[in-house]
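Quick notes on the structure that follows.
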There are 2 protein chains.
Amino acid sequence: MTSRVTLTDVARAAGVSISTASLAFSGAGPISAATKAKVLRAAADLGYSGPNPVARSLRRGRSGVIGVVVRKDLRQNFRDPVAIQTLDGVATTLGESDLGMLLIPTDDASGAAPDLLRHAAMDAAILLNGAAASAPSVRALRERGTPAVHVDAAVRGSVSIRVQDAAGMRAVAEHLRGLGHTAVGVVTLPWGPRAAPGPLEVSRPGRSSVPYTAARWAGLLEGGVVPVVAQAARGSWVEEGIRAGHALLDATPRPTALVAFSDLLAAGLLLAARERGLRVPQDVSVAGFDGVDLPWLGGDVLTTVAQPIREKGRMAAAAAIALAAGEPARSAVLGVDLRPGTTTGPAPS
Amino acid sequence: MTSRVTLTDVARAAGVSISTASLAFSGAGPISAATKAKVLRAAADLGYSGPNPVARSLRRGRSGVIGVVVRKDLRQNFRDPVAIQTLDGVATTLGESDLGMLLIPTDDASGAAPDLLRHAAMDAAILLNGAAASAPSVRALRERGTPAVHVDAAVRGSVSIRVQDAAGMRAVAEHLRGLGHTAVGVVTLPWGPRAAPGPLEVSRPGRSSVPYTAARWAGLLEGGVVPVVAQAARGSWVEEGIRAGHALLDATPRPTALVAFSDLLAAGLLLAARERGLRVPQDVSVAGFDGVDLPWLGGDVLTTVAQPIREKGRMAAAAAIALAAGEPARSAVLGVDLRPGTTTGPAPS
DNA sequence: TAGGTCGGTCGAAACGTTGCGACATCCACC
DNA sequence: GGTGGATGTCGCAACGTTTCGACCGACCTA
């Protein structure tokens, strides 16, 4: 039902050859103004709305679509301001090049890549958020020969766009040490696709299989902070922060500072502290990671590490565009920025 | 660079005709197990990863892609839990049919439909959130002959999926009247693409050009509540709720109840009231619309009208799938449900 | 043994474009 | 007046698939 009328019909109606009619639309190649007008006129008369995109793609060998691989549960995915801003950056840059953005939800837990990923028409793919960098997805793209850009994860032989996770967390650690904190509690992002959420053995937590989670933990240690108690979250959600917050504040001796691997988690920590009647930062300091806006936090300004999220998305899109065109693309690691707020202060004596 | 090897190569390598090789993949039509295995074997050897989706689409006359038209600024769009859940519903249902989801950001303000909307390959389109139902987008789809499903907006001659906006707001109005409130302040969703945000003339506000905003306002009146003061928001954001909340609470006499056209706005109202040291609901009642989770609200449970957001998305997707297949689809208006919480109470005497 | 059926395979014709090379036509210039 | 270069226009061959109808054995039934 799309368009029954084709370029052939238009050409016939205009009294020109198909090639000429094509020129009138593609704009590439010499064509007289008169002929062009004649063709466009005929097209309008027939209700022809431009060349069939599928046929054009086939002929050109490019679909004009970039696949964006996201977590299956969009609800949880998009509840995360980081994911949203990344996506926004991607959309902005793709839009500037008039490229389509095909959303491909994948389920990390299931062992197989979705059909869409294996069969949809696309010139390149962007795997968002590291989480989607699960083996099946990556393998499926390899098999298809579709070039891929990984965000927040380094994959051998692929382009990746990341931020300085370790350095950022190191800065937080040093900030807290400078304030005299020695008893620090931590809530991390999920430790791995199949790792259980909840208490984490602080002495030897093992290495997280999520690249940025591992890097942030490492940064903490590099900065000289060895957490006295830690919790792994199920996701970057406020509720998880609240839950973890209570768990961490139950520890004895009570930590004087809490660090979260995301701002949403940090917000949860803050709320948990408030629920217990603890003053922030007098009784307990709280720091996060990401640098997103949390307008509902009230007067507090969260101490956090700002990462250039939107820029990350833009760079990923730019890389994907290059790869789609057959050009090389470079990986990048973007800088982060410790932004002290009102939620961290000197350790209580 | 996608796949240089084609079905022709595979057929040759397997020693069968191209048609037979095609059958081995499409599965449609009779083919002996032996031949099929032979073909798949040859395909694996050559690194052939299945039929080229573009060529298949051209031949089949269907692209397997549904366009989803959203507001240009994804950041603001996806900050809205309603939009996200709708999208989640759409994604779920499309995923079940292995259909692709092409995100098409549109700028309502600009007069033209984006190139993507006019030229991308898709079998049908879903216009989300009413906001995207601006004339240029709709016209562009009409011209292309692409069937469209409108969410939260009724467009003549198109399928639309909506909720009972008026009835929901009427229920809120009756609820508040039952509690004895007579001085009610309101913050609405944007009044129109070009309408100025800020104070609204309550006696004759004019008709909102946004369908659901108009319907909710009408519902309020039907329920017997004539606002004593009103503010139009710029969008469904907490910050706007806070701003509007202060403006509304500045009115004299101060309203005893505040109604918001969305839960995010209601959350803002709540925060504004708290900032002023007002007790909710003893000093002022607050009600919202949507029924989304706001885990960071603290102990309060917002009185609101729950709408089946995810279901709305699913129905829109189902309708789009039907239209894409050339089948008819029905419009629908989904029911809503007043859910009294702890934020509304008797009017102070 | 002849006729009918059916499972399996194949050729060829689309699907709707684009772009290369060929071919006119015309003007300018020596 | 002939040569050369623009300038438009056109035919034709892809692009990689699917699908329709034809074909050909083999098996079944009368």
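Chain letters run A, B, ... following the sequence lines, proteins first and then strands; every chain starts at 1. The basis for the numbers below is simple: all heavy atoms, side chains too, and nothing from hydrogens, waters or symmetry mates.
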If each of A/Ser26 and B/Ala21 is mapped to the nucleotide of DNA chain C with the nearest heavy atom, which maps nearer the 5' terminus, i.e. the 5' end?
B/Ala21
Nearest-nucleotide wise, let me know which of B/Gly15 and A/Leu7 is further upstream toward the 5' end of DNA chain C.
B/Gly15
Starting the side chain at C-beta, find the nucleotide from [options] nearest to [X].
| X | options | answer |
| --- | --- | --- |
| A/Ile31 | D/dT9, C/dG16, D/dT17 | D/dT9 |
| B/Arg59 | C/dC10, D/dT9, D/dG16 | D/dG16 |
| B/Leu58 | D/dG11, C/dG7, D/dG16 | D/dG16 |
| B/Thr20 | D/dT19, C/dT9, C/dG16 | C/dT9 |
| A/Ala55 | D/dC12, C/dC10, C/dT17 | C/dT17 |
| B/Tyr48 | D/dG11, C/dT17, D/dT17 | D/dT17 |

For [X] and [N], what is the distance between atoms [atom1] and [atom2] respectively, to the nearest whole Å?
| X | N | atom1 | atom2 | result |
| --- | --- | --- | --- | --- |
| B/Leu23 | D/dT19 | CG | C1' | 9 Å |
| A/Arg62 | D/dG16 | CZ | P | 15 Å |
| B/Lys36 | C/dT9 | NZ | C1' | 16 Å |
| A/Leu46 | C/dG16 | CG | C1' | 15 Å |
| A/Asn52 | C/dA14 | CG | C1' | 14 Å |
| B/Arg56 | C/dT17 | CZ | P | 21 Å |

Side-chain donor-acceptor pair under 3.5 Å between [X] and [Y], yes or no?
| X | Y | value |
| --- | --- | --- |
| B/Ser26 | B/Arg56 | no |
| B/Ser22 | B/Ser19 | no |
| B/Thr93 | B/Arg314 | yes |

Check whether any side-chain N or O of [X] sits under 4.0 Å from OP1 or OP2 of [N], and answer yes or no.
| X | N | result |
| --- | --- | --- |
| A/Ser17 | D/dT9 | no |
| B/Thr35 | C/dT9 | yes |
| B/Ser32 | C/dT9 | yes |

Between B/Val68 and the options B/Leu102, B/Ile104, B/Leu87, the side chain to side chain contact (heavy atoms under 4.5 Å, CB included) test singles out B/Leu87
From the options B/Ser63, B/Pro147, B/Ser57, select the one residue that forms a side chain to side chain contact (heavy atoms under 4.5 Å, CB included) with B/Asp123.
B/Ser63
Base, sugar-phosphate or nothing for B/Pro30? Non-hydrogen atoms, less than 4.0 Å.
base
Touch check for B/Val54, heavy atoms < 4.0 angstrom, all strands: base, sugar-phosphate only, or nothing?
nothing
